[in-house]
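First comes the structure, then the notes that go with it.
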Amino acid sequence: MLDQSLLTIADYRQAYAQGAVDAKTHLTGLWAQLDANGCGPEGDTALIYLPSAAQREVLFAALAQLDPKRCPLWGVPFVVKDNIDIAGWPTTAGCPEFGYVAQAHATVVEALIAAGAVPVAKANLDQFATGLVGTRSPYGWVRNAFSDKHISGGSSSGSASVVARGLVPFALGTDTAGSGRIPAGFNNLVGTKPTPGRFSIEGVVPACKTLDCVSIMSLTVACAAEVSAVLSSFIDNGSEPAFHAKPSEPKFAFPKALRVGVPANPVFGDAEYAQLFDKCIEKLKADWAIEPVQVDMTSLHAVADQLYSGPWVAERYLTAKDCIKKDVPGMDPTVKTIVSRGQGFHATDAFAALYEVKRLATLIDSMWHSIDVLLVPTAPQLPGYADVLADPIGANSALGIYTNFVNLLGWAALATPAGFTQNGLPFGVTWIAPAGSDEALLALGARWERHLALPLGRHLRDPELTDPDLIPCLSMNRIDSHPIAVVGAHLSEMPLNGQLQAAGARLSQTTTTSKNYNLYHLPNTTPPKPGLVRVDQDGEMIAVEVYDVPHWAVSGFLALIPSPLGLGKIELADGRWVTGFICEPSAVRGGYGHHVVWWLACLHQVAEVMMQTPRPTLADQAYQSIKARLAELDLLPGDRLSEKELAEQLGISRTPVRQAMQQLHHEGLLDLHPKHGWSVPGLDFERLDDLYDFRVLIEQYAISRCISSPDCQVRLEPQRAIWCVTKKNRLTDPFQVGQLDEQFHHALVKAACNDEMLRTHVYITERIRVIRRLDFIKPARIAATYDEHARILGLVFSGQLNQAKSAIKDHILMSKMQSRQITLEAIYARRFQALKRHEDESFVV
């Protein structure tokens with residue numbers, strides 16, 4: 001009897017490993033069930049072909065030759081859309097007269113069989129993969145898994161149906177205009193549309209050869225991730241031409257501070273679908289604390305229009321032209337009408353359309369400066385059969401509004417379930433990201449799947465709540481990545497982890513080193529860092545994280561690592577040697593020891609202040625760079641600034657530089673002169689006095705809250721490890737002390753737990769930063785700062801309210817008085833020091 005509990009790849013793996021199920025017995029039972037239902041118009045319209053008994057024995061023989069321990073998909077059945085070749089099986093592309101017997105496996109099928117998977121049937125489709133409805137086939141209309149009155153969606157309609165009904169854990173489809181995403185959305189499935197070129201299309205009947213993608217339909221994101229890993233890591237030795245270059249900067253993970261774009265004016269044909277999408281946006285706001293960014297979809301819709309209104313239809317004609325010329329009886333009338341239009345385009349039309357798409361792509365690309373991922377409804381509505389009968393072309397065209405543009409722009413997408421209408425019909429959303437974001441989308445999809453916890457497929461069972469952090473572990477593809485073990489300030493939630501996020505790196509393992517290492521305190525580093533050193537004796541196992549870093553990002557990541565740190569080989573607890581952080585032994589000689597309590601204490605407090613912005617946009621990068629130069633006095637009051645020169649220095653275009661300068665002008669940090677450009681404002685001491693006075697009030701209030709609340713005092717505890725130290729352990733670099741001074745005052749206000757007051761305090765700090773940093777030019781002021789901070793902390797922890805408020809006031813007003821004594825000569829002296837610091841690379845940004 002067929003085991004109905006086997007729904008996912010994980011189910012099969014566990015059942016086989018425990019001996020609860022025999023692979024041949026189960027597959028034989030599955031085929032018996034499929035045989036009983038039959039194929040095509042007289043049987044299960046989701047299927048076109050079932051293998052013969054002899055073909056099944058061939059598959060069993062091949063499976064028997066494979067080692068289950070080495071084959072991640074061993075014994076797992078899957079279905080293949082009937083425009084993808086399986087050796088010895090017929091391929092029809094939904095048109096009987098076009099059919100032929102394949103001489104070899106399509107590359108994707110070969111990859112899956114090599115991984116142990118077993119193809120069990122060929123699935124129905126919209127003829128020649130032309131359609132999003134699942135009704136354009138002489139083998140019958142494919143019914144929606146949830147309703148006999150509604151379409152399954154196409155063109156991969158059959159693939160979606162068999163997965164939604166729990167017959168197989170996954171199926172292959174194709175996706176040129178949304179043919180994998182639409183049926184996934186209509187059947188409560190995950191639809192994986194890879195970056196074009198990621199999976200081989202050799203052995204796939206073309207729809208639009210330059211745009212075609214093999215897609216994956218599955219019940220869970222975890223299944224999609226495993227299949228995706230097999231397909232993307234398989235070495236293709238075929239002769240299929242490549243129409244897409246590999247992404248130059250693939251991303252394995254999105255930043256934790258995720259920026260989600262949504263359509264500014266979404267188009268729907270169903271009020272319930274509109275409400276369900278609004279609920280998704282509300283979940284992002286309420287549950288994920290994300291404020292979605294509205295995106296103008298005009299240019300994206302213009303790109304989408306090109307797919308069927310433009311000359312790409314001529315590609316479809318190339319495949320079907322013989323059937324059209326012969327007017328074969330099996331040709332679907334609607335498909336024939338659409339594809340025949342391809343005869344009317346000329347080479348000039350093709351180039352003109354290509355130019356237009358490239359022009360629009362250039363405009364659209366700026367969208368990724370402000371978002372990491374675009375979230376759209378998978379479809380605007382779920383049509384009924386009556387709708388398609390009434391308007392076969394119009395009903396279909398309306399469905400592609402959120403899908404047609406993706407492949408023309410070379411992007412990746414992941415369709416995921418997102419809820420149900422009151423009538424129980426599925427609603428789905430699609431996450432879209434730039435080329436090479438496939439793994440990042442899968443991890444995000446797993447997070448979304450876990451959050452919604454919707455039933456699998458056609459309510460087959462409750463969801464599997466896969467940990468999103470496990471998704472990278474399911475991927476075997478390491479071709480485009482390099483494992484790097486990190487320690488200290490680069491660990492998760494630590495200040496410099498943002499460097500890994502910006503590189504699109506993914507956490508693949510949390511482990512320790514072998515017992516041959518010590519972690520040493522490295523003084524005078526900002527943010528505080530430890531050094532990992534291999535030792536001959538008295539070693540320890542040090543916590544590390546191993547990240548898969550994209551190859552393109554390794555050199556840039558290495559360039560951010562300051563001396564005495566570097567990358568070398570370190571030994572992990574399991575005996576493996578991987579690239580990781582190492583420290584020059586000479587840097588830890590001299591009695592610093594390997595007790596890192598100080599580092600751990602201050603690191604957690606500094607983290608929030610020093611954290612780099614994850615995946616900054618070009619405008620963000622320019623903003624931070626210019627702002628840092630203002631703070632370090634590389635740019636002086638009165639200096640004129642040129643957008644062109646700054647753009648050349650930063651290696652970016654003038655547009656993001658202008659955006660950054662406009663933001664700085666809005667914040668009062670730059671002046672704009674209509675005819676003369678930009679300049680650094682002069683010093684307005686009267687305004688600075690007001691800001692210092694306001695700062696006194698805020699910090700006195702914060703001290704009152706801290707003394708009255710033990711919880712607030714706990715938040716200040718790490719500051720004692722920084723400021724209440726012996727003179728020998730004090731920092732001396734003005735830049736570093738200036739940064740820690742800001743962190744001290746920020747921590748004081750943050751401990752009071754008043755977000756509005758904290759926001760105001762940050763505003764003030766940014767405006768007095770230049771003057772405040774100058775206060776540390778004099779060594780005596782550094783010593784005084786240590787003494788004053790230590791005294792303030794002592795008074796707070798001993799509960800002496802009036803004395804503490806008086807001390808913070810005196811401390812701030814002393815700084816205010818010092819600012820009065822600043823001269824341009826001192827400013828230029830500070831710039832000289834900043835330049836010297838850059839030259840000897842003795843500081844960390």
Side-chain angles (χ1 to χ4, degrees), residues 83 93-95 97-98 125-133 135-137 154-156 174-182 193 196-197 201-202 204-214 240-245 297-328 330-364 391-411:
N83 60 344
C95 182
E97 293 83 358
F98 176 83
L125 69 157
D126 276 325
Q127 192 173 79
F128 292 113
T130 300
L132 295 174
V133 287
T135 63
R136 299 171 177 177
S137 170
S155 60
S156 307
T174 59
D175 191 318
T176 303
S179 294
R181 289 160 281 165
I182 295 291
K193 194 225 65 80
I201 58 169
E202 184 168 12
V204 178
V205 176
C208 293
K209 193 173 237 184
T210 59
L211 302 177
D212 290 341
C213 294
V214 172
E240 182 69 27
F243 294 101
H244 305 276
M297 300 286 288
T298 304
S299 294
L300 291 170
H301 293 328
V303 172
D305 289 342
Q306 288 287 346
L307 192 60
Y308 280 101
S309 299
W312 278 272
V313 179
E315 282 197 273
R316 297 181 183 272
Y317 178 73
L318 282 175
T319 299
K321 64 179 180 180
D322 289 342
C323 292
I324 292 175
K325 288 179 179 179
K326 294 176 183 178
D327 196 22
V328 298
M331 193 78 187
D332 181 85
T334 303
V335 173
K336 182 178 180 180
T337 299
I338 294 169
V339 175
S340 295
R341 293 206 309 261
Q343 302 174 80
F345 291 97
H346 302 286
T348 51
D349 300 319
F351 282 111
L354 181 62
Y355 298 160
E356 177 62 8
V357 168
K358 293 297 184 182
R359 182 189 72 82
L360 290 168
T362 301
L363 298 175
I364 293 166
D391 184 7
I393 294 179
N396 182 95
S397 298
L399 295 179
I401 188 171
Y402 297 115
T403 59
N404 285 358
F405 56 81
V406 179
N407 281 3
L408 281 166
L409 294 169
W411 295 345

**Message:** Taking the six-membered ring for Trp, are Tyr317 and Phe345 closer than 6.0 Å centroid to centroid?
**Reply:**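 Between Phe345 and Tyr317, which both carry aromatic rings, the centre distance is not below 6.0 Å.
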
From [X] atom [atom1] to [Y] atom [atom2], the distance as rounded to the nearest 0.5 Å:
X: Leu125; Y: Thr174; atom1: CG; atom2: OG1; value: 7.0 Å
X: Leu408; Y: Leu300; atom1: CG; atom2: CG; value: 11.0 Å
X: Ile401; Y: Asp305; atom1: CD1; atom2: CG; value: 8.5 Å

Please determine whether side-chain contact (heavy atoms from CB on, under 4.5 Å) holds for the pair Lys193 and Asn407, giving the CA-CA distance in whole Å, both sets of side-chain angles, and the decisive distance to 0.1 Å. CA-CA 9 Å; Lys193 194 225 65 80; Asn407 281 3; 2.6 Å; yes

Hey, does the side chain of [X] reach the backbone of [Y] with a donor-acceptor pair shorter than 3.5 angstrom?
X: Gln306; Y: Val303; result: no
X: Glu315; Y: Pro206; result: no
X: Arg181; Y: Thr403; result: yes
X: Asp175; Y: Gly178; result: yes
X: Glu97; Y: Val328; result: no
X: Arg316; Y: Val335; result: no
X: Asp349; Y: His346; result: yes
X: Arg136; Y: Gly94; result: no
X: Thr130; Y: Asp126; result: no
X: Asp212; Y: Ala207; result: yes

Going through the checks in order, is the side-chain contact (heavy atoms from CB on, under 4.5 Å) test met by Ile338 and Phe128? CA-CA 11 Å; Ile338 294 169; Phe128 292 113; over 6 Å; no

- Item | Minimum heavy-atom distance Leu307-Val313, with the two atoms named |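 Shortest heavy-atom separation between Leu307 and Val313 comes out as O-CG2, 3.9 Å.
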
- [ ] Evaluate the criterion side-chain contact (heavy atoms from CB on, under 4.5 Å) for residue pair Tyr402 and Met297; output intermediate values, then yes/no.
- [x] CA-CA 9 Å; Tyr402 297 115; Met297 300 286 288; 4.1 Å; yes

Original post:
Can you check side-chain contact (heavy atoms from CB on, under 4.5 Å) on Thr176 and Trp312, steps first, answer last?
Top reply: CA-CA 11 Å; Thr176 303; Trp312 278 272; over 6 Å; no

